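Taking it in order: structure first as C-alpha cells, then the write-up.
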Amino acid sequence: MATILEIKHVSKFFGGLAANSDVSFSLDEGMIMGLIGPNGAGKTTLFNCITGYYPPSRGEVIFKEQKISGLEPDRVCRLGMVRTWQKVRPLAKLSVIDNVMVGALCRTNSLKTARELAMEQLKVVRMDNKPNFLAGGLPIGERKKLEVARALATQPQLLLLDEVMGGLNPAESDEIIQLILEIKKSGGITQMVIEHDMKAIMRISDRIVVINSGEKLAEGTPQEIVNNPEVIRAYLGDFHA
Amino acid sequence: MKPTFALIRTSAGTSPVAIALGVAILAGLFLFPNFVQSPYALHIMILFFLSTIQGEAWNIIGGYTGQYSVGHAAYFGAGAYTTMILMQYKQIPPWYGMLAGIGVALVVSLIIGSICFRLRGPYFVLASIAVAEIMRLSAMNLKDITNGAEGILITEIPVFKIGETIVTDFLSKVPFYYIGLVIALITILVTWMVQNSKLGYYFQAIREDQDAAHSLGISLPIYKNIALALSAIFTSLSGSFYAVYIGFIDPPTVLALDISVQIVLICIIGGIGTIWGPVIGAMVLVPLSEALRSNLIAQMIFKTGLTSEESGIGTFLKENLAHAHALIYGILVVVVILFMPDGILGWVKKLTAKKGRG
C-alpha cells in the first residue's frame with residue numbers, strides 16, 4: 001500500500017522544552033492509525049506540527065510525496081488533510097448546515113453545491129434532522145459530530161481526529177466508533193486518531209503509535225502494543241511492567 | 001443559561017407582503033423630494049443615507065468578519081481629502097475624484113491590513129486606532145497638500161453634464177438626496193451579495209473562530225484583507241459624498257477618532273452582522289444627534305410639562321442638554337450593550353420569535 005503521510009524526525013521545542021523530539025512514523029492509505037500517550041505527551045503538538053499550526057523545529061512532514069511542513073493550515077487543508085479540535089470549535093452563531101458548508105466551500109464556489117455536499121455529510125454523522133439549529137446550542141456529543149462532518153466536507157484524504165470521544169458517554173462514544181469505521185469502509189480516507197479510551201482505540205486502529213514525553217515509545221498493531229512492557233511502564237509504572 | 005435550540009431560518013422564501021412593503025418604501029424614498037421641499041428634512045435624510053453607507057461599510061469588516069476596526073476615519077478621510085484636493089486644486093470634478101478616493105482608500109486599507117491583521121482582538125483595535133491617528137496628524141501637518149488645520153473649503157461644484165445636457169448644477173439639496181440614496185442602496189445590495197456568497201460564509205467563519213476557519217482551508221490574511229478593502233471602498237465613498245455635500249473639511253471633522261467611533265456605534269446600536277442593522281442604527285442615531293444639536297429634547301420636556309422653561313431645572317436643561325451629546329450617546333450605548341447585546345434589530349427579532357413560540 002502506498003504511503004500517504006510520512007513524519008520524518010519531527011521535533012518541536014518551546015524554549016527549552018521538547019514537546020516532540022525526533023518523532024518518525026508513516027501512514028498507509030486507507031488505514032486507521034491510533035495515537036496514544038499519557039496526558040501532556042505531545043500528541044496534540046504533533047497534530048499541530050503536521051497540520052501547519054506550528055512549524056516543526058526540526059524534521060519534516062511529507063504528505064502525498066510533497067513536503068508540507070512550513071505550509072499554512074489553509075494550504076494543508078486544500079491539499080487534502082484536515083483536523084478536528086480536541087476542544088471543539090463550532091462556529092457558534094452559524095447554523096449546523098452553515099458550519100458544514102464552510103468546510104464544503106473549500107472545494108467549490110457555489111453555495112448550492114456546498115449545501116448539497118454539506119447535507120450529505122450531515123447524513124453521514126446522522127445530524128440531517130437539525131440543519132437549521134444554531135451550532136452554539138448543541139450538546140457536546142453533537143458538537144463533536146459536527147466537527148467531524150465539517151472536516152469531512154472539505155473532502156480530505158487524511159482526517160486527523162483529536163479526541164473526538166473525549167467527554168462523551170458510552171453510547172455517544174460508540175456512535176463515534178461506528179462513524180470512524182464507516183468512514184474507513186467507504187474508502188479513500190485515511191485516519192489518524194488521538195484517543196484516551198483504550199478499548200475504543202484498540203478496536204478501531206490498524207496500527208498504534210505510543211508517544212511519551214514527546215518521544216515515540218512504541219509502534220505496532222494493537223496486540224503488540226498491549227503486550228509491550230515499555231508501554232505498560234509508561235502508563236502504569238514499573239510495578240506492573 | 002440553558003441552551004437555545006432556536007431555528008434561525010424559519011422560512012426560505014420572502015413573503016409577498018414583505019416584497020410589497022419593500023417596493024412601497026423604495027418608491028416613497030424616490031418620490032420623497034417631490035412632496036417634501038423643506039431643506040432641513042432633506043438634510044436629515046441625506047445624513048441618514050450617509051450614516052447608512054458608513055454603517056453598512058463597517059459592518060462588512062466589523063460585523064461579518066469580526067475585526068473591530070476603530071480606525072475607519074482613515075478611509076472616510078482618505079475619500080474626503082482625495083476628492084476635495086483634486087477638485088479644489090486640480091479642478092477635477094468630484095465624480096472622478098470619488099473614484100480616485102476609492103483608489104487611495106484601497107491602497108491605505110491594504111497597507112493597514114497587511115500590518116494590523118497580524119494582530120488579533122484588542123491589539124487589532126488599538127492598531128487600527130493608531131493608524132487613523134497617524135493619518136489625522138499627517139493631514140494636520142502636511143500643509144502643502146491638505147492645507148493643514150485650516151481645512152479645504154469648496155468654492156464651486158462643477159456642473160454635472162452628460163453630453164451637452166445639464167443634469168444638475170448642485171444648487172439645491174435634491175441632487176445630493178438622490179446621490180446619497182443610490183449609494184446607500186448600492187451599499188446595501190453589495191452587503192446582501194456578500195452575505196449570500198462564499199465570501200459571506202468565510203467572513204463569518206473568521207468572526208466565529210479564526211483557528212477553526214484556518215483549518216478549513218480559509219486563508220486568514222487574504223479574506224480579512226478582502227473584507228477590509230470592501231469596507232474601505234464604501235467608507236471612502238461616504239467620505240467623498242460628505243465632503244462635497246458639506247463643502248468643507250478639516251482633520252477634526254473627517255479624520256478624528258469620534259468619526260471612527262460614530263461609525264462603529266451605528267452598527268452596534270442597530271445590530272451587528274446583519275443587513276438591516278446599520279440602517280436601523282442610522283435611523284436611531286441621526287435623528288437623536290440632530291435633536292440634541294437643535295435642543296429638541298429640552299423643548300419636548302417642556303411641552304410634556306415635566307418642568308417649565310423658567311424653573312431652575314428647565315434653564316439647566318436648556319443650557320446643557322445640547323452639549324450633552326456625548327453623554328447621551330454614552331448612556332445609549334450602555335443601555336444597548338446591557339439589554340440588547342445583538343442591537344435593536346436582534347432585540348426585536350428575539351421578541352417576535354418569543355411571541356411566535358408562545
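Source: prediction; values computed, not measured.
With a 4.5 Å cut-off on side-chain heavy atoms, B:Ile218 and A:Leu105 do not count as touching. Residues B:Leu216 and A:Arg150 meet the side-chain proximity criterion, which asks for heavy atoms closer than 4.5 Å.
In this structure, B:Phe339 places its CZ atom where only 12 or fewer heavy-atom neighbours from other residues, nucleotides or ligands lie under 6.0 Å away. Within a 6.0 Å radius of CZ in B:Arg120, other residues, nucleotides and ligands contribute more than 12 heavy atoms. Other residues, nucleotides and ligands place more than 12 heavy atoms under 6.0 Å from the NZ atom of A:Lys64. Summarising the local packing, CZ of A:Arg78 is surrounded by more than 12 heavy atoms from other residues, nucleotides or ligands at distances under 6.0 Å. Sparse packing is recorded around OH of B:Tyr123, with 12 or fewer heavy atoms of other residues, nucleotides or ligands lying under 6.0 Å away.
With chain B as partner, the option from A:Leu91, A:Thr84, A:Thr154 having the largest number of non-hydrogen pairs under 4.5 angstrom is A:Leu91. Here A:Pro73 is the residue among A:Pro73, A:Ser110, A:Cys106, A:Ala92 with the most heavy-atom pairs under 4.5 Å with chain B.
B:Ile222 contributes atom CD1, which lies 10.0 Å from atom CD of A:Glu72 (distance to the nearest 0.5 angstrom). Note that CG of A:Asp98 and CD of B:Gln204 are 7.5 Å apart. Values are rounded to the nearest 0.5 Å.
Only the side chain of A:Leu111 has a heavy atom closer than 4.5 Å to any heavy atom of chain B. Contact of A:Thr51 with chain B is not made at all, since no heavy-atom distance falls under 4.5 Å. Residue A:Thr108 touches chain B through its backbone alone, counting heavy-atom pairs closer than 4.5 Å.
Between B:Ser215 and A:Trp85, the closest heavy-atom pair is OG-NE1, 3.5 Å. Residue A:Arg89 comes nearest to B:Asp209 through the heavy atom pair NH1-OD1, 2.8 Å, listed as atom of the first residue, atom of the second, then distance. The shortest non-hydrogen separation linking B:Gly217 to A:Cys77 is N-SG, 3.4 Å.
Using a distance-only test at 3.5 Å, with no hydrogens or angles considered, no donor-acceptor pair links the side chain of B:Glu208 to the main chain of A:Pro90.
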